[in-house]
Protein chains: 2
Amino acid sequence: MAQRDDSVGIIQQELTAFARRARATAARMHPELSLVSYTLLAHLEDQKGCRATDLAAHYLLDKSTVSRQISALERLGFVERRVDPDDHRVQVLHPTELGAQVLASAGAQRRQAFTDRLADWDDADLERFAAYLLRYNEAQQCLG
Amino acid sequence: MAQRDDSVGIIQQELTAFARRARATAARMHPELSLVSYTLLAHLEDQKGCRATDLAAHYLLDKSTVSRQISALERLGFVERRVDPDDHRVQVLHPTELGAQVLASAGAQRRQAFTDRLADWDDADLERFAAYLLRYNEAQQCLG
DNA sequence: CAATTCGGGTTGTACTATGCAACGAACAGG
DNA sequence: CCTGTTCGTTGCATAGTACAACCCGAATTG
């Protein structure tokens with residue numbers, strides 16, 4: 001049991017340390033797209049467009065926060081709003097061509113940074129690490 | 001190689017998703033100690049006291065940010081400053097008794113949340129996951 | 001149809017976290 | 001001493017965030 005507790009403690013500590021540095025790391029990697037903007041824009045691309053309310057629900061953010069983030073992204077020309085013809089309250093958000101490019105570029109930089117950092121890992125370890133993270137985050141989703 | 005790239009991509013995505021939620025999660029778990037305050041205070045306890053500059057270097061923060069965070073923690077009575085007798089520029093920071101209690105309480109809540117979330121993992125998986133996270137973060141340190 | 005409620009977004013306000021630049025204080029070496 | 005370096009604080013600016021109050025359009029209901 002002590003061994004198990006140790007493992008949990010390390011996992012807690014190391015994930016916390018990572019989270020603590022993530023924002024600054026993102027800012028250094030791609031200054032043009034903050035971690036928040038990156039995740040919102042990536043979600044829009046994944047979902048092939050969605051509403052501001054959906055983003056708020058998915059990232060546990062207040063709708064006002066999302067509204068401002070989207071305004072900023074629109075000002076930068078990274079997202080565009082399309083009013084839903086069936087319900088004029090709703091704006092369906094999509095990345096613009098430019099937004100998609102910037103997102104791809106930031107994504108490539110993130111990917112490269114991770115590739116470098118994991119360069120000396122062997123394939124089997126990488127695969128298991130990826131599987132563990134997936135499993136961990138799936139469990140987290142369920143807690144709301 | 002494709003398999004390897006997939007693994008890297010998943011690791012990038014899942015760590016990003018975790019980071020994105022960490023702040024809000026911490027706020028829900030222990031409202032009296034934000035993620036930032038928690039990590040700084042925890043580091044002080046781990047290191048049995050250290051300088052503001054050390055905290056800044058470790059967490060990639062500006063020294064002014066650390067200065068203000070420490071001021072806030074001092075105002076709350078969670079840390080105390082001891083001027084180094086050998087160098088009057090330096091303040092060695094320590095958690096107070098109260099700070100240690102609050103830290104222990106927040107730590108217990110974090111620990112419990114992780115224990116719950118990892119309840120159905122077997123010991124060997126936990127140990128390997130912990131080892132992977134340690135290895136990952138060690139590599140990150142070196143890039144600083 | 002009119003009135004009410006509901007859902008999606010925006011805006012006002014306030015607060016926290018953060019960085020950069022300018023500074024002050026103290027040490028270190030000539 | 002004078003100069004450069006290190007540690008920390010403070011002034012200023014900015015981003016991210018929440019909450020509450022609001023507006024607008026849609027749905028419901030009497």
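In what follows, chains are A, B, ... by sequence order, proteins preceding strands, each numbered from 1.
- Partners of A:D116 according to the side-chain hydrogen bond (donor to acceptor under 3.5 Å, both in side chains) rule, which considers only residues two or more places apart in sequence or in another chain, are A:Q112.
- If you chain together ILVMFWY residues whose side-chain heavy atoms come under 4.5 Å of each other, B:I70 ends up grouped with B:L33, B:V36, B:Y38, B:L40, B:L41, B:L44, B:L55, B:Y59, B:L61, B:V66, B:L73, B:L76, B:F78, B:V79, B:L93, B:L98, B:V102, B:L103.
- Using a 4.0 Å cut-off on heavy atoms, the residues of residues 65-81 of chain B that approach DNA chain D are B:S67, B:R68, B:R81, listed by number.
- When hydrophobic clusters are built by joining Ile, Leu, Val, Met, Phe, Trp and Tyr residues whose side-chain heavy atoms come closer than 4.5 Å, directly or via intermediates, A:L15 is grouped together with A:F114.
- Rounded to an integer number of Å, the gap from CZ of A:R23 to C1' of D:dT14 is 10 Å.
- Using a 4.5 Å cut-off between side-chain heavy atoms of Ile, Leu, Val, Met, Phe, Trp and Tyr, B:I10 falls into a hydrophobic cluster with A:L134.
- Qualifying side-chain hydrogen bond (donor to acceptor under 3.5 Å, both in side chains) partners for A:S105, counting only residues two or more places apart in sequence or in other chains: A:Q109.
- With 3.5 Å as the limit, one finds no donor-acceptor pair spanning the side chains of A:R111 and B:Q12.
- Take A:D122 and apply the side chain to side chain contact (heavy atoms under 4.5 Å, CB included) test, not counting sequence neighbours, and it matches A:A124, A:D125.
- Shown here are the side-chain hydrogen bond (donor to acceptor under 3.5 Å, both in side chains) partners of B:D54, two or more places apart in sequence or in another chain: B:R51.
- Between A:T53 and C:dG9 there is a side-chain N or O to OP1 or OP2 distance below 4.0 Å.
- Partners of B:T53 under the side-chain hydrogen bond (donor to acceptor under 3.5 Å, both in side chains) rule, at least two apart in sequence or in another chain, do not exist in this structure.
- Within the structure, side chain to side chain donor-acceptor pair (under 3.5 Å) pairs that include any residue of residues 66-78 of chain B comprise B:E74-B:R81 (at least two apart or interchain).
- For the ring pair (Phe, Tyr, Trp, His ring centres under 6.0 Å) test, residues two or more places apart in sequence or in another chain that qualify with A:F129 are A:W121, B:Y132.
- Between A:L55 atom CG and C:dG7 atom P there is a gap of 19 Å when expressed in whole angstrom units.
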Practice problem: Take nucleotides 22-30 of chain C nucleotide by nucleotide from the 5' end and write B, S or -, depending on whether a protein heavy atom sits under 4.0 Å from the base, only from the sugar-phosphate, or from neither. | Solution: ----BS---

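- Spacing between atom CG of A:D62 and atom C1' of C:dG12 amounts to 13 Å, rounded to whole angstrom units.
- A straight line from CG of A:L61 to C1' of D:dA15 spans 13 Å, rounded to a whole angstrom.
- For the segment residues 30-48 of chain A, residues with any heavy atom less than 4.0 angstrom from an atom of DNA chain D are, sorted by number, A:S34, A:V36.
- Comparing B:R51 and B:S64, the nucleotide of DNA chain D nearest to each residue sits closer to the 5' end for B:R51.
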